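What follows is a short report on a single structure.
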Protein chains: 2
Amino acid sequence: MNPEQPKLGIRIGDFSKLSLVSIKALRLYDQKGLLKPARIDPDTGYRYYSASQLPRLNRILALKDLGFSLEQIGQLLDENLSIPEMQGMLRLKQAEVQQRLAQEQERLVRVEARLKQIQQEATMPDYDVVLKPLQAVQVASIREVIPSYPAVGQLYDELMGHLGSQGYFAKVAHPNQKCMTVWYDEGYKESDVDAEATVFLEAEVQGSDRIQCRTLPAHEQAACLTFNGSYNRITAAYQHLLKWIEDNRYDIVGPNREFYIIGGAEQDNESYVTEIQFPVAKAA
Amino acid sequence: MNPEQPKLGIRIGDFSKLSLVSIKALRLYDQKGLLKPARIDPDTGYRYYSASQLPRLNRILALKDLGFSLEQIGQLLDENLSIPEMQGMLRLKQAEVQQRLAQEQERLVRVEARLKQIQQEATMPDYDVVLKPLQAVQVASIREVIPSYPAVGQLYDELMGHLGSQGYFAKVAHPNQKCMTVWYDEGYKESDVDAEATVFLEAEVQGSDRIQCRTLPAHEQAACLTFNGSYNRITAAYQHLLKWIEDNRYDIVGPNREFYIIGGAEQDNESYVTEIQFPVAKAA
DNA sequence: ACACAGCCTGCCCTAAGGGGAGAGTCAAGG
DNA sequence: CCTTGACTCTCCCCTTAGGGCAGGCTGTGT
């Protein structure tokens, strides 16, 4: 049993081996003020540590293990820190870890859903679903039960005609009209589809008996799929999106929408780009 | 419904609003080759995107959401990537996420244990526990049932006497003898303590009938507490460490050790530094 | 013509160190 | 006493996925 002559102290390499902390880390803790060596030779700059500094270093490691940053550890080590403050930081950290835990859990579900899907289809998927928030938006709209999906085009014709007769297109210089259809039915229907054709408004305009101006509500989360191709092939995109929502255990919490990023009256124009949006919430 | 005149394309700001991806991120994806704009004006350097690039951008976002790095996404987007490769990366990612999940779970337990402890003691704890691996080490040792804990000192006397008589201290120039006691009893005992006094060997030495040379086994994980103070006060450190092990739901899987970093024969020397090590494994 | 909004590149910043260069230092052997 | 090899020092650049800003063009509306 020997007392490691304390005149010199422990050199950084030995202290590193003793504590299993890298030399680089020790130097960083010195620089950040978390653990100053017991003595620094003023001539050579050599750091000399003392064994009695090991408890403090271990406290640093323990706090790091709890997920605190070095800066936070600096505060936590400052001794004149009250118990309630300490508790507060711990509870904050607890909430943070719980949240990360939930995120990783969700991520795992998504990875597994993707694996499952690739296994079933045996091919790289054609579409990708992203979650994003939907903003509220001012629109002019007509809602009606129409005989079939493509018939929504006639609603847009009526809508545009009305806007033109109201002098709307004169007010908004560049006619950058963005359109979105809201589908109110749940599930696929062959006929009698409850649809709402909407145009984003950039200026005030008068409604009519059939045309109203209103605000499409915002949604915190929507599962969205952007589809490049003709409307004839959009059903597959719908199926994919619905399967994703199910596999990832979300619930649909509102009518879905079609946002025509590039769109028009043709049915088979492959250059069209449409975003399908389903408002969702994480299933309980 | 309008076709966003395709001659120019969509400027980066509009594309950013459309996709809810920041301009900085879009420029980064361009630079990293993940999403090159449809056209770049050679005179001005302006980036012009096309709506049909949204699906690719969404794929990038979806993969990012699964936890892939931009570099990995670059590989995953490279199209000439076989299905099995894709599956392999996904399964790797799955394992990675599962591991992080387990880590966060453990961290949560540790944070909660610390909260509980601070609540019970109503004070900043005096000791900190760290987990670390223990290396195997060559030692000379005596094991014996001794009347009480302090009596281990006599074993060390005998051990050192033997090493001296074998000419060991002449061989190892600087007498940096590190000592460690292994306690084989489970729980605290008033008397008849099964103890092994060991000295780390730095050279070959002969054993005897009472003294053997052997290897202390390595352990993957040990809960360790470094204690600065006299042996008289070490019991509190033991209690703390054992409580930590219980609260953090570990099992003790081997005899505990005392490593005398700074130590000696005195009982009440406050400058001693001792590390208590309990080999542990995560409880099932 | 002018103003203002939008876009460009380039530089510095993040957390916790890792890697390496170039120079100085320590202890032991010859 | 000198040398050698192992240690140590500081300084600089690197990592992720962008954020923030400066200075200088560019596009559009009035």
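All values derive from a computational prediction rather than experimental measurement. Reminder, nothing fancy here: chain letters follow the sequence lines and each chain counts from 1.
When rounded to the nearest whole Å, the span between CD1 of Ile40(B) and P of dT9(C) equals 8 Å. Going from atom NZ of Lys64(B) over to atom C1' of dT16(D) covers 11 Å, rounded to whole Å. In this structure, Gln72(A) atom CD and dA15(C) atom C1' are separated by 12 Å, rounded to whole Å. Spacing between atom CG of Asp14(A) and atom C1' of dA27(C) amounts to 13 Å, rounded to whole angstrom units. Distance, Leu66(B) CG to dA17(D) P: 14 Å, rounded to whole Å. One interatomic measurement links the two molecules: CG of Asp43(B) to C1' of dC7(C), which rounds to 14 Å at whole-angstrom precision. Put simply, CD1 on Ile23(B) is 18 Å from P on dT26(D), counting in whole angstrom units. In this entry the distance linking CD1 of Ile60(B) with C1' of dG18(D) reads 15 Å, nearest Å.
Taken over five-pair windows at either terminus, the axes of the helix from dA1(C)-dT30(D) to dG30(C)-dC1(D) are inclined to one another by 30° (rounded to 10 degrees).
At least one side-chain heavy atom of Leu70(A) sits under 4.5 Å from a side-chain heavy atom of Tyr29(A). A heavy-atom distance below 4.5 Å is not found between the side chains of Gln75(B) and Phe68(B).
Picking from dA16(C), dG27(D), dG18(D) the nucleotide with the shortest atom distance to the side chain of Arg11(B) gives dG27(D). With distances taken from any side-chain atom of Lys17(A) to the nucleotides dC7(D), dA15(C), dT8(D), the minimum falls on dC7(D). Checking dC26(C), dC8(C), dG17(C) against the side-chain heavy atoms of Ile12(B) singles out dC8(C) as nearest.
Residue-to-nucleotide proximity on DNA chain D shows that, of Ser69(B) and Asp41(B), the 5′-proximal contact is made by Ser69(B).
A side-chain contact (heavy atoms from CB on, under 4.5 Å) with Val199(A) is found for one member of Lys178(A), Met160(A), Gln138(A) and no other, namely Met160(A).
For the residue pair Gln105(B) / Gln103(B), no side-chain donor-acceptor distance below 3.5 Å is found, with atom types taken as modelled. In summary, the side chains of Glu275(B) and Gln277(B) do present a donor paired with an acceptor at a separation below 3.5 Å, with no hydrogens or angles considered. Side-chain atoms of Glu85(A) and Ser82(A) form a donor-acceptor pair, as typed in the model, at a separation below 3.5 Å.
For Tyr46(B) against dG6(C), a side-chain N or O and a base N or O form a donor-acceptor pair under 3.5 Å.
Taking every heavy atom of residues 24-32 of chain A and every atom of DNA chain C, pairs under 4.0 Å involve Lys24(A), Ala25(A), Leu28(A), Tyr29(A), by number.
OP1 or OP2 of dG19(D) sits under 4.0 Å from a side-chain N or O of Ser22(B). Listed pair Arg47(B) / dC8(C) meets the phosphate criterion, a side-chain N or O lying under 4.0 Å from OP1 or OP2.
For the pair Ser19(B) (side chain) and Phe15(B) (backbone), a donor-acceptor distance under 3.5 Å is present. In this structure, Asn248(A) contributes its side chain and Tyr250(A) its backbone to no donor-acceptor pair below 3.5 Å.
Using cut-offs of 30° and 60° on the angle between ring planes, the pair Phe200(A) and Phe259(A) is parallel.
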Take Met180(A) and Leu216(A) through the test side-chain contact (heavy atoms from CB on, under 4.5 Å) and record every step on the way to the result. CA-CA 10 Å; Met180(A) 183 148 73; Leu216(A) 291 185; 3.3 Å; yes
